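Below: the structure, in structure tokens.
Bear in mind the structure is a predicted one, so any value in this text is a computation, not a measurement. Remember, it's 1-based here, ligands and their atoms both numbered in the order they're listed.
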Amino acid sequence: MGERVIPLTDWRRAHVASPATMVPVTGLLSDALGRPLRDLRISVTDRCNFRCSYCMPKEVFDKRYAFLPHEQLLSFEEITRLAGLFAAHGVRKLRLTGGEPLLRKHLEILVEMLSALRTPDGDPLDLTLTTNGSLLARKARSLRAAGLKRLTVSLDALDDAIFQRMNDVGFPVGEVLAGIDAALDAGFGPIKVNMVVKRGVNDHEIIPMARHFRDRYGAQAVLRFIEFMDVGATNGWRMDDVVPSAEVLRRLQAQWPLAALEASAPGETAERWAYADGRGEVGLISSVTQAFCHDCNRARLSTEGQLFLCLFGSRGHDLRSLLRGGANDAEIASAIAHVWTARDDRYSELRGSGHAAGQGERKVEMHYIGG
Ligand code: SAM
Ligand code: SF4
Ligand code: SF4
């Protein structure tokens, strides 16, 4: 049987990034809406061993789906070179993601290379990784030893049957929980745990999840509830499936008194709430009901080296052809500066208005540019 043909052309047909005129690197880039560039999310693979229906539904991402061949992926050297140029432009935080980043072979080597990078002030970057936790029990120690600073683990339910249904490959929840324990033993606390909430699927797991993480780990685990988003074009998103953060908060407050906390950094996506009895905090990420585009300082580098300016973008800007075409650092840095300076994306703010960037074009899939 031939490869499945699905219309991926919009987001796999990138704009050509070009240095145009040379721009000096000042570390003070700002986009068309005055937003700085601080956070770079790097997708190290488009493959995953889970098939979460909200991200890589099994019916689409099956045996016939054409994942990228290895030579199309950025190499560790290419990723590190680009990350260094982004750091020179003001990026302070790097997040490795995917697909499932722990499926990329020898990822510890990349972590080691990235942990050697410095900001223009000589500080190390905040290096973090988001994983489904399936391989964490095996890899937590080596990632820590390689210089990874922080971890986010995605977990949508404690109930094994619900979790297995959500990852859709029958992966047992016990192994992810063991991965979280291993990561804490390896020195990764506090760990963030991300739960995507879908109405009627796992919303009755909100309270059991909160209870488990506060009772067992206190401040060492921060559970964050994420509204199910309309990323990509394959997850069958409907507003009816979204449980608004305000409702999640009401349900939590019916169990425990909570007090609002200040955001930990500008551009922080989660609204933070502390348990009044001191057993740590929870986060609410309201990507649908409360847009946070006004201070969005995140850029995304796809598995094959395209720069995306918004999670809901439909086209990237091809940096790989510059890397492989022999451009020097100043030229690539200029190309990045041109792309960022022109950025005016704010999809979540415009959602539903009919004016969102690239509307009518097919949006990029999340596993390709990471969350
Ligand atoms: N495979 C890794 C994982 O699951 O943690 C990293 C990549 S995954 C695309 C990054 C994050 O995006 C996960 O926390 C996942 O739950 C979240 N995500 C994926 N699709 C989503 C959607 N439609 N709405 C909200 N969050 C989503
Ligand atoms: Fe894989 Fe993460 Fe997407 Fe689930 S959310 S399918 S674990 S990439
Ligand atoms: Fe940033 Fe785009 Fe999300 Fe708005 S919709 S917060 S611009 S990634």
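Across all non-hydrogen atoms, the minimal contact from A270 to R224 is CB-NH1, 4.0 Å.
Protein heavy atom in closest approach to atom 3 (Fe) of ligand 2: C55 SG, 2.4 Å. If you check which protein heavy atom lies closest to atom 1 (Fe) of ligand 2, you get C48 SG, 2.3 Å.
Donor-acceptor pairing under 3.5 Å is recorded for the side chains of S142 and E108.
Residue D156 has no N or O atom closer than 3.5 Å to an N or O atom of ligand 1. An N or O contact shorter than 3.5 Å is missing between T97 and ligand 1 by distance.
For ligand 1, the atoms closer than 4.0 angstrom to any heavy atom of E100 are 1 (N), 2 (C). The F228 neighbourhood of ligand 1 comprises atoms 23 (N), 24 (N), with distances under 4.0 Å to a heavy atom of that residue. Close approach to G99 involves these atoms of ligand 1, each under 4.0 Å from a residue heavy atom: 1 (N), 2 (C), 6 (C), 7 (C). Taking every non-hydrogen atom of T130 and a distance limit under 4.0 Å, the qualifying atoms of ligand 1 come out as 2 (C), 5 (O), 6 (C). Listed by number with element, the atoms of ligand 1 under 4.0 angstrom from any heavy atom of G98 are 7 (C), 9 (C). Every atom of ligand 1 with a heavy atom of N132 under 4.0 Å away is listed here by number and element: 2 (C), 3 (C), 5 (O).
Neighbouring protein atoms of atom 2 (Fe) of ligand 3 (N, O or S, distance under 2.8 Å, waters ignored): C310 SG.
When D126, T152, D39 are each tested for a side-chain hydrogen bond (donor to acceptor under 3.5 Å, both in side chains) with R95, only one passes: T152.
Formation of a donor-acceptor pair under 3.5 Å by the W340 side chain with backbone atoms of S30 is not found in this model.
Geometrically, R150 does not engage F188 in a cation-pi contact, judged by NZ or CZ lying under 6.0 Å from the ring centre and within 45° of the ring axis. Both cation-pi conditions hold for R214 and Y275: the charged atom is under 6.0 angstrom from the six-membered ring centre and inside a 45 degree cone around its axis.
With a cut-off of 2.8 Å, atom 3 (Fe) of ligand 2 has no N, O or S atom of C52 in range.
Of the heavy atoms in R300, only side-chain atoms (C-beta onward) come closer than 4.0 Å to ligand 3.
Rounding to the nearest 0.5 Å gives a distance of 8.0 Å between CZ of R41 and OG1 of T97.
Heavy-atom separations between G99 and ligand 2 include at least one value shorter than 4.0 Å.
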